[in-house]
Protein chains: 2
Amino acid sequence: MEYDPRAYEPAAVTVDIVALTIRDGRLHVLLVERGEEPYLGRPALPGGFVRSSRDRRGRVRGETLDQAAARELAEETGLRAGHARLRRVHLEQLGTYGAPDRDPRMRVFSVAYLAFGADMPDPVAGGDAAAARWTPVPEARRLAFDHAAILADGLERARAKLEYTPLAAAFCPPEFTVAQLREVYEAVWGITLDPRNFHRKVTSSEGFVAPVGALTGGGRGRPAQLFRRGPAEHLHPPLLRAAPR
Amino acid sequence: MEYDPRAYEPAAVTVDIVALTIRDGRLHVLLVERGEEPYLGRPALPGGFVRSSRDRRGRVRGETLDQAAARELAEETGLRAGHARLRRVHLEQLGTYGAPDRDPRMRVFSVAYLAFGADMPDPVAGGDAAAARWTPVPEARRLAFDHAAILADGLERARAKLEYTPLAAAFCPPEFTVAQLREVYEAVWGITLDPRNFHRKVTSSEGFVAPVGALTGGGRGRPAQLFRRGPAEHLHPPLLRAAPR
DNA sequence: AGAATAGTGTCTTTCAGACACTATTTG
DNA sequence: CAAATAGTGTCTGAAAGACACTATTCT
C-alpha cells in the first residue's frame, strides 16, 4: 500500500459465472454468444462489470462481488432477483483470472463464480441474455477469452465439492429422491454408482438428507421416499470418488 | 461486457499474502505494520498493487496475479526472487475480497494468496519490509481492513489442504523426518496425533513421501529416516481430521 | 406374470484409532 | 542402566464395494 493507486493503468473488474445445472441426466453450463469484438460470435461465460461509484460526499458505493455475481446470474437466466428458484441456487467464488493479455482492450480482472442450480429455466430472449443457452459441458468448446480454463477449474471444483459437502442437493428441487441425488453425482463425476450402496451411504450420512415422509407417485417402479437437504455443511466421512490414475 | 468500462469508478487491484510458516512448533503468519492511514500502526497482511501499464503501441503489459504475489512475498521476506528457499514456497490463490467499503480511499479489490514455506527468514529491515515480522497466529489480532477475515479463510484453507494433499511437506525443509511432518499437522490443526499411527499412514500413502536412504544424527533418541516429498498431488485416501462438532 | 425401480442384508476388504512391543540412540 | 525417540505388530470398529435378496409399483 506504499504506491499511489492513481499512478497505475486503470483496471476493470468483472464477474464471470460458471453456472451448472443438470438436464436429462447430463451436466450443462450456461453460455452466452458474444455480440461484439473481441471473440464476436464465440460462446462465453455470462458476466459483466462490478458496479461501483461515489456518492455526493465522495464515499465509495457499489455492490459486493457476491451481489454482482447474483445480479449477473439473474439477468442471464431471466429470473428476477429474489425469485424462489434463484434463492435456492448455490453461488460461491471460484477464483480470479488476471493475466495481463487476457483481454486485448484493457487490463481486466475477472472474478469467477460457480453456481449450482436445479430446474434452471431457458434464458429469456432480450437484453443481455439474447443468445444465452444451456449447453452440455462436452459441447462447450472454443470459448472466448480464457473461459475454457475457468470452466475447467469450475468443473474440477464442482467434482471435489460433491465429495465433502452436501451440495449435490443444490442441483435438485426442494424435495428429491435418492435416485435423483445419485444422478447428480453420476452426471458431475461422469461415472455410474451402485444404487444400493449409494442409498445406504446417503441415508446413513448424518445430516446429509432428511426424509420428508412422502413418496413419489406415477413412476415405473416402487415409489421412492422424498427427502430434503439436511443441515450438514460437510460430509463426515466424505463420499469419495475412486482413486484417480 | 455490454458496458463501457471507462464509465465506471476506477478500481485498484492488490494482492495480499497470508504467508504461513512453522517456528518452534507453532504456526506463524507474516504481518507488516502499516505506515500510513488508514489503520496507521495496525498490523496487516503484506501486499501491494498489481502492476500494469501500456507499451508505446497501446498494448496492455504487466504481471500476472501469481507473479505479483510472488514479488510481494519476496519483497516482504527479503528473499531475492529466484532464491532457492523462495522457489520451494507453495503459493496458491485464496480468494478475492471486494466489499465496496473495505478501503475508505477508493474501490479496492484484493486478491488474497496463501503461502506455505519452511525456514522463512526474519524479514530484512528497510523498504517495504520495515516492520514485517513473523507472528504466532493466536497473536495476530486487530488487523487492518478485512485482513482478519482473509487470515481466517487462509487458515481454514490450509487446514483443509493438509487433509487431501501432500502440502504439509511445503512447511518442511527439502529433507525431513516423519516427526517433522507430524509437527506440521499438529501445528496447523492444533491437535496432537499418535506418532505411531501417523508414521504408518504417511509411509503407506502412495507418493506422499519418498525415503532418501539417510538417517538423522545428533538427536536424543533413535535416528530417524529422512524423506523427500513424493510425486503425489493428492492423498488417496485422505488424512482426515476427526469429525468436527 | 414380468419389467422396473426402491430399498435391506450380508460378506469381504480396507483403513483409522488404540496401544503393546521392539529398535536404537544419548546421558 | 534410564530416558527418549523411531518404528512395527495387532486388535477392534467403521465404512466401502460387491452383490443376493426383498418390496412395491406399472403394464
Side-chain angles (χ1 to χ4, degrees), chain A residues 25 162-164 166 168 172 175-186 189 191-228 232 234-244, chain B residues 25 162-164 166 168 172 175-186 189 191-227 232 234-245:
Chain A
L162 293 203
E163 290 192 323
Y164 342 97
C172 294
E175 302 193 345
F176 53 85
T177 66
V178 174
Q180 281 176 284
L181 196 64
R182 178 166 45 84
E183 276 173 22
V184 172
Y185 279 89
E186 292 181 335
W189 285 352
I191 58 176
T192 59
L193 295 167
D194 185 296
R196 300 158 296 184
N197 290 335
F198 184 82
H199 187 283
R200 183 161 31 78
K201 267 205 274 201
V202 165
T203 52
S204 68
S205 182
E206 186 77 23
F208 192 174
V209 295
V212 162
L215 298 175
T216 52
R220 255 185 292 282
R222 169 177 170 179
Q225 288 231 72
L226 285 170
F227 294 86
R228 289 181 172 279
H234 299 276
L235 299 184
H236 275 275
L239 216 160
L240 297 172
R241 290 171 280 183
Chain B
L162 294 203
E163 291 193 321
Y164 4 94
C172 295
E175 301 192 347
F176 53 87
T177 66
V178 174
Q180 281 177 284
L181 196 62
R182 178 164 46 82
E183 277 174 22
V184 172
Y185 279 89
E186 292 181 334
W189 286 351
I191 59 175
T192 59
L193 294 167
D194 185 295
R196 300 158 295 184
N197 291 335
F198 184 83
H199 186 282
R200 183 162 30 77
K201 269 205 270 200
V202 165
T203 52
S204 68
S205 182
E206 186 75 25
F208 191 173
V209 295
V212 161
L215 298 176
T216 52
R220 254 185 296 281
R222 169 177 169 178
Q225 287 231 74
L226 285 170
F227 294 87
H234 298 277
L235 298 185
H236 274 275
L239 215 161
L240 297 173
R241 289 170 282 181
R245 252 140 283 163

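Proteins come first, then strands; the chains are lettered A, B, ... in the order of their sequence lines, and each starts at number 1.
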Strictly by side chain to side chain donor-acceptor pair (under 3.5 Å), give each pair with a member in residues 192-203 of chain A just once, sequence neighbours left out. A:Asp194-A:Arg196, A:Asn197-A:Arg200
What string of B, S and - do you get for nucleotides 20-27 of chain C 5' to 3' if you count protein non-hydrogen atoms under 4.0 Å? BB-BBBS-
How do B:Leu226 and A:Asp194 order along DNA chain D: which one's closest nucleotide is nearer the 5' end? B:Leu226
Every protein N/O lying under 3.5 Å from an N/O of nucleotides 10-12 of chain D:
none

Between A:His199 and C:dA6, does any side-chain N or O lie under 4.0 Å from OP1 or OP2? no
Taken to the nearest whole Å, CD/B:Glu163 to C1'/C:dC15 is 16 Å
Grab the two heavy atoms, one from A:Pro166 and one from A:Ala232, that are nearest each other, plus how far apart they are. CG-O, 3.1 Å
Test item: A:Leu215 and A:Leu226 side chains (from C-beta on) under 4.5 Å apart, heavy atoms: no
How long is the line joining CD of A:Glu206 and C1' of D:dA14, in whole Å? 15 Å
Using whole Å, what does the distance between atom P of nucleotide C:dT14 and atom NE2 of B:His236 come to? 17 Å
Below 3.5 Å, can you tabulate the donor-acceptor pairs from side chains in residues 218-225 of chain B to any protein atom, sequence neighbours excluded?
none

Could you tell me which residues satisfy salt bridge (charged side-chain N to carboxylate O under 4.0 Å, His left out) with A:Glu206, sequence neighbours excluded, listed by chain and number? none
Plane angle bin for A:Tyr185 and A:Phe208 - parallel if under 30°, tilted between 30 and 60°, otherwise perpendicular: perpendicular
Please give, in whole Å, the distance from D:dG7 P to B:Gln180 CD? 12 Å
Salt bridge (charged side-chain N to carboxylate O under 4.0 Å, His left out) partners for A:Glu163, two or more places apart: A:Arg241
How long is the span from the OH atom in B:Tyr164 to the NE2 atom in B:His236, to the nearest 0.5 Å? 11.5 Å
